[in-house]
Amino acid sequence: MKIISSYSIKGGVGKTALAVNLAFAFHETGRRTLLLDLDPQGAAAFYFRVGNAKKLNMDDSRTIAADLRKNIRESDFPGLDIIPSNLAYRHFDVILNGMSKSRKQLRKVLDEFRSDYDTILMDCPPNITLLSENVFRASDAIMVPVIPTVLSQRTLEQLFSFFRDEELSCDMLHPFFSMAQKINKMHREIIEELPQAYPGFLKTVIPFSVNVEKMGIRRMPLLAYSNNCEAALAYRSLCNEIISITKSDPHS
Ligand SMILES: Nc1ncnc2c1ncn2[C@@H]1O[C@H](COP(=O)(O)OP(=O)(O)OP(=O)(O)O)[C@@H](O)[C@H]1O
Ligand SMILES: [Mg+2]
């Protein structure tokens with residue numbers, strides 16, 4: 001089982017769009033796929049037309065896993081399941097904080113799903129908290145959408161610094177460009193230069209596309225309604241990149 005997260009400290013960069021489309025792309029390859037929405041905003045589940053999760057009993061990793069299991073919803077696409085979010089997830093940090101080994105609990109929780117799924121995708125909220133630290137320690141790969149702007153570049157450097165300070169492996173971090181606009185000169189320059197500073201930078205660039213924004217109206221992944229547009233092909237290409245990167249991963 002591979003655990004892939006969609007994460008950035010920064011908000012509005014395309015994390016949910018990635019998680020939703022990557023979940024669909026993994027499912028298309030025949031992998032049993034679970035999308036876990038960790039963001040109380042609940043947008044990932046909204047795109048799949050599933051309701052909110054029930055409140056969790058968050059006592060220890062076993063009860064969290066059992067409660068998450070009760071909240072698994074089938075999507076319209078057989079083999080692709082969702083665990084929707086709940087506003088109660090805003091307390092995740094406080095609960096994790098009260099547990100021993102508080103940074104490693106999510107990995108233990110997700111291990112309970114090992115025989116049920118080949119891939120778990122996590123859509124994360126935009127911040128850096130104890131829950132984020134759990135995500136870092138649970139993931140086999142962390143995909144980081146970066147809009148080609150100076151501020152996004154700065155946030156990416158903050159994330160790498162955090163990983164170095166906490167002695168986490170930067171090899172897990174896979175930034176990629178999101179919402180890129182070819183007509184924008186600054187975008188073109190940053191796309192050319194920034195990847196040279198980060199070995200794990202993915203090659204695929206997700207273009208800015210109104211087709212992606214239409215997910216809010218269609219309420220399904222882009223790949224389900226616009227199979228061959230440039231953005232859909234880019235999401236599939238990202239999926240292939242991440243499959244080949246995590247293939248020889250010793251965690252699985
Ligand atoms: N490639 C794209 N082209 C055009 N619009 C996009 C693209 N990716 C995402 N969007 C739009 O940008 C907005 C933010 O995207 P999304 O919700 O995926 O970001 P996020 O990082 O998950 O945000 P948050 O931090 O609030 O969770 C949404 O309205 C979405 O439809
Ligand atoms: Mg989001």
Side-chain angles (χ1 to χ4, degrees), residues 4-26 35-50 52-53 82-87 89-90 92-93 120-129 131-132 135-136 139 141-149 151-156 158-159 173-184 186-188 190-191 202-239 241-242:
I4 318 281
S5 46
S6 179
Y7 175 80
S8 169
I9 302 174
K10 207 164 163 43
V13 294
K15 295 179 293 296
T16 300
L18 171 76
V20 163
N21 285 296
L22 212 54
F24 192 88
F26 270 102
L35 173 59
L36 172 56
D37 186 356
L38 288 173
D39 186 345
Q41 293 181 81
F46 171 82
Y47 284 135
F48 279 102
R49 301 167 193 257
V50 299
N52 286 343
I82 324 281
I83 297 181
S85 187
N86 183 295
L87 268 183
Y89 285 13
R90 70 190 189 284
F92 237 128
D93 277 359
I120 297 183
L121 266 302
M122 292 193 279
D123 185 24
C124 302
N127 47 30
I128 188 152
T129 61
L131 176 59
S132 325
V135 166
F136 302 155
S139 301
I142 300 163
M143 305 192 59
V144 189
V146 179
I147 301 177
T149 59
L151 274 187
S152 291
Q153 201 171 327
R154 196 174 153 267
T155 323
L156 186 62
Q158 285 173 337
L159 181 59
L173 291 172
H174 296 287
F176 65 94
F177 289 115
S178 171
M179 301 192 213
Q181 293 175 293
K182 281 185 204 147
I183 50 157
N184 182 321
M186 183 184 67
H187 279 209
R188 287 201 308 274
I190 292 179
I191 289 171
L202 300 171
K203 290 188 175 52
T204 305
V205 174
I206 304 291
F208 185 91
S209 161
V210 287
N211 286 341
V212 179
E213 288 187 311
K214 283 184 192 153
M215 287 202 309
I217 299 162
R218 303 292 296 259
R219 293 192 65 188
M220 61 179 82
L222 166 72
L223 271 63
Y225 63 82
S226 186
N227 197 25
N228 275 319
C229 71
E230 192 188 351
L233 297 177
Y235 281 120
R236 272 206 199 89
S237 162
L238 265 188
C239 178
E241 276 198 79
I242 214 72

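In this chain, numbering begins with 1 at the start of the sequence shown. Being a predicted model, the structure only gives us computed values, none of them experimental. For ligands, and for the atoms within them, numbers begin at 1 and follow the listed sequence. All values below were derived from every heavy atom in this structure, side-chain atoms included, with hydrogens, water molecules and symmetry-related copies excluded.
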Which heavy-atom pair separates [X] from [Y] by the least distance, and what is that distance?
X	Y	value
Ile190	Phe177	O-CZ, 3.6 Å
Ala43	Asp37	N-OD2, 3.7 Å
Phe46	Gly216	CE2-O, 3.8 Å

Practice prompt. Kindly indicate whether a cation-pi arrangement holds for Arg219 with Tyr47, taking the cut-offs as under 6.0 Å to the six-membered ring centre and within 45° of the axis.
Written response: no
Discussion item. So, using salt bridge (Lys or Arg N to Asp or Glu O under 4.0 Å) as the criterion, who are the partners of Glu213 when residues are at least two apart?
Written reply: none
Distance-only donor-acceptor pairs under 3.5 Å for side chains of residues 121-129, two or more places apart:
| residue | atom | partner | partner atom | Å |
| --- | --- | --- | --- | --- |
| Asp123 | OD1 | Thr16 | OG1 | 3.4 |
| Asp123 | OD2 | Thr16 | OG1 | 2.7 |
| Thr129 | OG1 | Asp93 | OD2 | 3.3 |
| Thr129 | OG1 | Leu131 | N | 3.2 |
| Thr129 | OG1 | Ser132 | N | 3.3 |
| Thr129 | OG1 | Ser132 | OG | 3.2 |

Worksheet entry | Neighbouring protein residues of ligand 1 - any heavy atom closer than 4.0 Å | Gly11, Gly12, Val13, Gly14, Lys15, Thr16, Ala17, Asp39, Gln41, Pro126, Met179, Ile206, Pro207, Phe208, Ser209, Val212, Glu213
Worksheet entry | Aromatic contact, Phe136 with Tyr7 (centres under 6.0 Å) | yes
Discussion item. Please give me the protein atoms (N, O or S only) lying under 2.8 Å from the Mg ion (ligand 2), ordered by chain and number.
Written reply: Thr16 OG1
Worksheet item: Hey, what do you get for CD (Gln181) to CE (Met186), rounding to the nearest 0.5 Å?
Response: 9.5 Å
Item to complete: Any chance you could measure His174, atom NE2, to Leu238, atom CG, to the nearest 0.5 Å?
Response: 11.5 Å
